[in-house]
Amino acid sequence: MFDYFISLGSSCITSASMSKFGLRSYSGPFDWLVTNKFDWILKYMETDFQGFLQKNDLERYDNNENHFKLKESGFLFMHETGSYEEIKSKYQRRIERFIKMEKNKVCFLRSCASQSEIEYIIQNRDYINHVIKKYNVENEIVFLLSYEANVNKDFPFKYFKKREKYKNNSRKNMRAWFDGMDNFIRFCGENYSALSLINNLAVDRVKEDKLLYVYEHRYRTLEALLNYNFSKDMNFDKIIIYGIGATGKEFYKKIRESVKVIAFIDRDRAGYKYDGIKIISPKECKNIEGGGKIKIVVSATHDFKNIETELKKINNKMEITSLDDILEMD
């Protein structure tokens, strides 16, 4: 029996599907990255992540301020927000937990990125075993292959193949990588504590229910926004919009001709501009004068109470309202 299953990539589909099937206990350093080079996974594991996420090894890509990669390994980060220090600290915690878990009996899961990776695995059996068994000789690795992968009898590790082609990167499909892999699911069930499965599934259910609520709330707000008549008097001349997601941008488009938007607040995109308007962090609200002349409208309405509390701690003179209140939603 394994104490843990741990994802070694090569993308989010592995960890997302592990969550769906109750195999994921904690966040690991490779869970949400695109890691096409398996040799670099092994190198980081062998050296206890020496040099991982060094600031001079980072660069932006595809013109997205939240996307960056490690120049040397080519690993892609597509889900991180916050400052470098915050991200580095988060990954340090994940690395420390990862190493601690390795000392138990672990089954590592790796979804192969390419046919060339399969050839690499065949040629480097001893090295792979050396790395995964570094902290516990009972540790194993299982490879998950796409349906079209060409595997011969020389493949040196346990593997399972997906029955059909992976469709797209929708959230539903990301969590469906293991669907139809009955032999693999049976293997996991036979080699993992039923109590651990139940506990992990319970945690995943809570997260999914919360996420479903957020999605539904955003949809309702956006639907109301698109149908709202903004010819009504909004009772203020200048506003700051909190949130520059789809809802915040749509709200801005609706009111930009009649109300002056002087800034957006978004901690993840602070320092950039949208349509020539500056994007500031919540902390920068400290210098905003209160009173009725300027109002902050929170477009992330599902989390309004927490956002309002945060902003009031920074500047208790600010007038803050929820977009749902403007839209007269219940």
Give the intermediate values and the outcome of salt bridge (Lys or Arg N to Asp or Glu O under 4.0 Å) for residues Arg186 and Asp182. CA-CA 6 Å; Arg186 188 177 303 111; Asp182 298 342; 5.6 Å; no
Between atom [atom1] of [X] and atom [atom2] of [Y], what is the distance when rounded to the nearest 0.5 Å?
X      : Y      : atom1 : atom2 : value
Leu42  : Phe108 : CG    : CZ    : 10.0 Å
Ile296 : Ile307 : CD1   : CD1   : 10.5 Å
Phe264 : Ile279 : CZ    : CD1   : 7.0 Å
Asp39  : Tyr120 : CG    : OH    : 5.0 Å

Are the side chain of [X] and the backbone of [Y] linked by a donor-acceptor contact shorter than 3.5 Å?
X      : Y      : result
Asn139 : Val106 : yes
Lys162 : Trp177 : yes
Tyr228 : Ile326 : yes
Ser111 : Ser10  : no
Arg24  : Asn200 : no
Asn36  : Ala113 : no
Glu216 : Tyr213 : no
Lys20  : Met174 : no
Glu250 : Leu226 : no

Between [X] and [Y], which heavy-atom pair has the shortest distance, and what is it?
X      : Y      : result
Leu58  : Gln54  : CG-O, 3.5 Å
Cys112 : Ile118 : SG-CG1, 4.3 Å
Thr14  : Gly9   : OG1-O, 3.0 Å
Met1   : Ser193 : CE-N, 3.4 Å
Phe304 : Thr321 : CE1-C, 3.5 Å
Leu201 : Gly22  : CD2-N, 3.4 Å

Residue pair [X] / [Y], side-chain heavy-atom distance below 4.5 Å:
X      : Y      : answer
Pro156 : Asn129 : no
Phe77  : Leu70  : yes
Asn316 : Leu311 : no
Ile239 : Ile255 : yes
Thr247 : His302 : no
Glu72  : Trp40  : yes
Lys249 : Ile244 : yes
Met45  : Phe30  : yes

Using the rule that Ile, Leu, Val, Met, Phe, Trp and Tyr join whenever any side-chain heavy atoms are under 4.5 Å apart, tell me whether [X] and [Y] fall into a single cluster.
X      : Y      : answer
Leu327 : Tyr219 : no
Ile314 : Val297 : no
Leu8   : Trp32  : no
Tyr26  : Leu33  : yes
Tyr4   : Ile198 : no

Aromatic ring centroids of [X] and [Y] under 6.0 Å?
X      : Y      : value
Phe155 : Phe143 : yes
Phe21  : Phe5   : no
Phe98  : Tyr91  : no

Would you call the rings of Phe187 and Phe160 parallel, tilted or perpendicular if under 30° counts as parallel and over 60° as perpendicular?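 Tilted: the ring planes of Phe187 and Phe160 meet at 30° to 60°.
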Mind telling me whether Tyr44 and Phe49 have parallel, tilted or perpendicular rings, with 30° and 60° as the class edges?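 The rings of Phe49 and Tyr44 lie parallel, inter-plane angle below 30°.
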Take Tyr274 and Ile241 through the test side chain to side chain contact (heavy atoms under 4.5 Å, CB included) and record every step on the way to the result. CA-CA 11 Å; Tyr274 177 73; Ile241 300 175; over 6 Å; no
List the steps, then state whether side chain to side chain contact (heavy atoms under 4.5 Å, CB included) holds for Lys90 with Arg94. CA-CA 6 Å; Lys90 177 174 67 175; Arg94 291 179 179 179; 3.7 Å; yes
Taking the six-membered ring of Tyr147, is the NZ or CZ of Lys161 close enough (under 6.0 Å from the centre) and on axis enough (within 45°)?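 Judged by the rule (NZ or CZ under 6.0 Å from the ring centre, within 45° of its axis), Lys161 is not positioned above Tyr147.
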Derivation and outcome, side chain to side chain contact (heavy atoms under 4.5 Å, CB included), residues Met78 and Cys12: CA-CA 10 Å; Met78 305 176 69; Cys12 312; over 6 Å; no
Does a side chain donor of either [X] or [Y] reach within less than 3.5 Å of an acceptor in the other side chain?
X      : Y      : result
Asp275 : Tyr252 : yes
Tyr242 : Asp303 : no
Asp324 : Thr301 : yes

Heavy-atom count around [X] [atom1] within 6.0 Å, excluding the residue itself: above 12?
X      : atom1 : value
Lys283 : NZ    : no
Arg125 : CZ    : no
Glu85  : CD    : yes
Lys312 : NZ    : yes
Lys273 : NZ    : no
Lys69  : NZ    : no

Residues Tyr135, Met101; criterion side chain to side chain contact (heavy atoms under 4.5 Å, CB included); working and verdict: CA-CA 9 Å; Tyr135 285 108; Met101 292 167 70; over 6 Å; no
Run the salt bridge (Lys or Arg N to Asp or Glu O under 4.0 Å) test on Arg267 and Glu86 for me, step by step, so that the C-alpha distance in whole Å, both residues' side-chain angles and the decisive distance to 0.1 Å come before the verdict. CA-CA 12 Å; Arg267 71 176 74 252; Glu86 291 171 331; over 6 Å; no
